[in-house]
Amino acid sequence: MNRGGWGNRLKKVEQLAQSFQQWPLSSRFKPRLSRPWQPSSIWKLFPRQCMAITFAQSCREDVHVFALEKEQAKMGGRIFLVTSYSELWHYYRYV
């Protein structure tokens, strides 16, 4: 590619960066349970139990730590989920 091509490409990237700064993307979608009176959605995965427990203790909502076995993992390969009972059973029921 010639130098002019790189210059045009760089200019286009800078224009895109400027447009994203002016009009940022919306915040990440957070699913909610079907009933509006239920608490806000918390569904967070952690690689270590201590991290999950620390996060659960910092939450205002009534959340719990669940241990999940990774598929196709060695023995003892777990991840830890922090969520509420109602949220867990809402998604577990429809799987």
For [X] and [Y], which heavy atoms make the closest approach, and how far apart are they?
{"X": "Ile42", "Y": "Glu87", "answer": "N-OE1, 3.9 Å"}
{"X": "Thr54", "Y": "Cys50", "answer": "OG1-O, 2.8 Å"}
{"X": "Ala67", "Y": "Arg78", "answer": "CB-CD, 4.1 Å"}

Residues in side chain to side chain contact (heavy atoms under 4.5 Å, CB included) contact with Ala52, at least two apart in sequence or another chain |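 Checked Ala52 against side chain to side chain contact (heavy atoms under 4.5 Å, CB included); matches are Phe46, Val65, Phe80, Val82.
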From Ile79 atom CD1 to Leu45 atom CG, the distance as rounded to the nearest 0.5 Å
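Atom-to-atom, Ile79:CD1 and Leu45:CG are 5.0 Å apart.
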Q. Could you give the distance from OG (Ser86) to CD (Glu61), rounded to the nearest 0.5 Å?
A.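 Those atoms lie 10.5 Å apart.
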Taking side chain as C-beta onward, heavy atoms only, is His64 less than 4.5 Å from Phe66?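 They are in side-chain contact.
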I'd like to check Val63 versus Tyr85 (side-chain heavy atoms, cut-off strictly below 4.5 Å). Are they in contact?
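They are not in side-chain contact.
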